[in-house]
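For reference, positions follow the sequence shown, starting with 1. Start at 1 and go down the list; that is how both ligands and their atoms are numbered.
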Amino acid sequence: MAIQRSQAIFERAKRVIPGGVNSPVRACRSVGADPLFVAQGDGAYITDADGNQYIDMIGSWGPLILGHAHEQILDAIAEQMAMGTTFGAPTEIEVRFAETIRDAYPSMEMVRAVSSGTEATMSALRLARGFTGRDKVVKTDGGYHGHADCFLVAAGSGAATLGIPGSAGVPEGAARDTIVVPYNDLAAVEAACATKEVAAVIIEPIAGNMGLVLPAAGYLQGLRDITTKHGTLLIFDEVISGFRCAFGGAQALFGITPDLTCLGKIVGGGLPAAVFGGRADVMQKLAPLGPVYQAGTLSGNPLAMAAGLTVIDILARPGTYERLNEAGDRLAKGLAAAAAAAKIPAQVNHLGSMVTMFFTATPVVDYATAKTSDTARFGAFFRGMREAGVFLPPSQYEAMFVSLAHTDEDLAKVIAAAKTVLAAI
Ligand SMILES: *Cc1c(COP(=O)(O)O)cnc(C)c1O
């Protein structure tokens with residue numbers, strides 16, 4: 001596999017961009033590899049700067065549920081682009097986007113568009129604090145909600161009530177108001193919320209950022225009951241799960257109504273867009289109606305709205321999620337069988353088109369159990385798969401995403417590659 005051009009670009013990149021990348025996991029450092037510099041994408045495939053082709057199991061970390069360079073998305077962007085790309089004044093397409101989101105997510109009675117998932121979660125939390133007049137927020141260990149200060153907190157084991165900054169540069173004050181609880185642990189949430197100081201519990205209803213971890217039976221309903229009882233808002237961070245696990249997200253799949261919801265990734269159709277929304281009485285606290293300030297120069301960008309509306313329109317077709325889920329099931333079963341054949345202990349967590357293979361004999365139900373994984377073995381697996389022409393998320397603690405562009409044949413190739421690679425490591 002030739003890599004000369006990629007290496008030359010990486011050398012240049014390192015001189016002007018910290019680590020050579022604009023988002024840290026892209027660097028592939030945790031798997032002992034160099035970043036893959038992508039030249040182009042087409043359907044389920046990407047081609048790197050040296051002309052090597054890979055089956056892409058990242059899909060830009062979730063957004064590309066239709067695959068790369070989908071013709072209808074490109075057409076929608078081009079059509080909008082000819083009329084201008086941004087105005088800083090409202091447009092009808094933003095209203096159509098808001099109506100479409102509300103129709104798909106009835107809990108989101110009113111919505112506001114932003115440009116990234118980070119902005120959505122950060123704004124939702126500010127709103128929850130403004131609405132409740134409380135400062136504290138509960139998040140789960142291993143839960144990721146973008147890179148705002150208050151979410152970059154990972155408490156050490158047993159220190160659930162004592163916020164410890166998970167990043168340099170996060171002030172103690174921001175960390176102090178963040179309470180970290182284990183995923184799937186309702187008692188810890190009850191204890192935190194009983195203080196009546198918690199503005200919001202923010203949760204990935206299907207955790208995707210410690211690798212894929214599913215909510216235990218009754219967990220989400222438990223969160224709903226506890227937060228209601230204590231006057232705390234429940235925020236579903238469905239930046240990954242929205243339009244991914246089901247058209248209506250995890251809230252439709254599990255039948256739980258959160259107070260606020262954050263969507264991102266898929267809703268931008270591959271362009272920068274995200275959205276937060278929820279109960280109208282809460283959303284009306286936002287400026288210009290209310291005292292909670294939130295704004296954005298490119299919020300509701302017409303190109304992103306056009307791309308997002310198009311992807312949602314395609315996803316609404318009958319049979320879409322049956323197809324996606326069936327493909328995800330096939331991949332998960334194939335990977336589990338490949339690990340078993342190679343006698344490698346593995347847990348394949350999966351729901352619909354999201355799949356994580358953890359290299360551990362321990363069932364993975366939270367971050368602590370996720371961390372029992374053999375990450376060195378994952379690194380070897382990643383490198384072997386890349387050599388075999390399959391590009392996986394470069395971390396044990398991420399999910400693979402199957403798109404509608406992945407054919408049965410593509411997935412068979414991924415499974416065959418996994419069989420060979422796992423037998424060799
Ligand atoms: C990706 C992600 C975010 C952050 O979104 P960005 O667009 O990267 O800022 C927030 N929450 C979850 C659950 C995510 O997966």
Side-chain angles (χ1 to χ4, degrees), residues 21-27 57-65 105 112-128 137-154 166-167 178 180 183 200-215 220 223 234-245 249-251 253 258 260-278 294 296 298-301 304 307-308 311 349 351-356 366-367 370 393-401:
V21 293
N22 281 319
S23 197
V25 251
R26 296 179 197 172
M57 299 311 294
I58 303 181
S60 192
W61 302 90
L64 298 183
I65 197 162
Y105 292 74
R112 185 162 277 175
V114 290
S115 299
S116 69
T118 294
E119 273 185 87
T121 53
M122 182 182 87
S123 306
L125 178 59
R126 183 182 306 136
L127 177 60
V137 58
V138 170
K139 74 175 281 288
T140 60
D141 193 13
Y144 181 68
H145 307 289
H147 61 89
D149 282 351
C150 52
F151 296 133
L152 286 183
V153 178
S167 162
T178 303
V180 180
Y183 198 80
V201 171
I202 186 165
I203 183 96
E204 292 174 77
I206 298 165
N209 286 290
M210 48 182 123
L212 189 75
V213 175
L214 305 185
L220 298 176
L223 292 177
L234 180 61
I235 305 176
F236 270 11
D237 179 352
E238 297 221 47
V239 169
I240 287 183
S241 58
F243 291 105
R244 167 63 66 180
C245 64
Q251 52 195 271
L253 197 61
L260 295 173
T261 299
C262 303
L263 301 172
K265 299 199 164 104
I266 289 174
V267 296
L271 269 64
V275 58
F276 68 101
Q294 186 279 330
L298 292 173
S299 288
N301 175 260
V311 73
N349 281 11
L351 192 144
S353 54
M354 301 174 278
V355 181
T356 298
D366 57 15
Y367 193 40
S395 163
Q396 172 70 90
Y397 305 111
E398 302 285 353
M400 297 177 221
F401 294 107

**Report entry** side-chain contact (heavy atoms from CB on, under 4.5 Å) evaluation trace for F401 with M57
**Finding:** CA-CA 5 Å; F401 294 107; M57 299 311 294; over 6 Å; no
Close residues (non-hydrogen atom under 4.0 angstrom from ligand 1) work out to S116, G117, T118, Y144, H145, G146, E204, N209, D237, V239, I240, K265
For F243, the ring pair (Phe, Tyr, Trp, His ring centres under 6.0 Å) test, sequence neighbours excluded, returns Y105, F247
Quiz prompt | Test item: E238 side-chain N/O and T261 main-chain N/O as donor-acceptor pair under 3.5 Å | solution = no
Exercise. Would S241 and E204 satisfy side-chain contact (heavy atoms from CB on, under 4.5 Å), going step by step from the backbone distance to the final call?
Worked result: CA-CA 8 Å; S241 58; E204 292 174 77; over 6 Å; no
*May I have the step-by-step check of side-chain contact (heavy atoms from CB on, under 4.5 Å) for H145 and M122, ending in yes or no?*
CA-CA 8 Å; H145 307 289; M122 182 182 87; over 6 Å; no
### Task
Establish, from distance only, whether the side-chain atoms of R112 and Q294 form a donor-acceptor pair under 3.5 Å.
yes
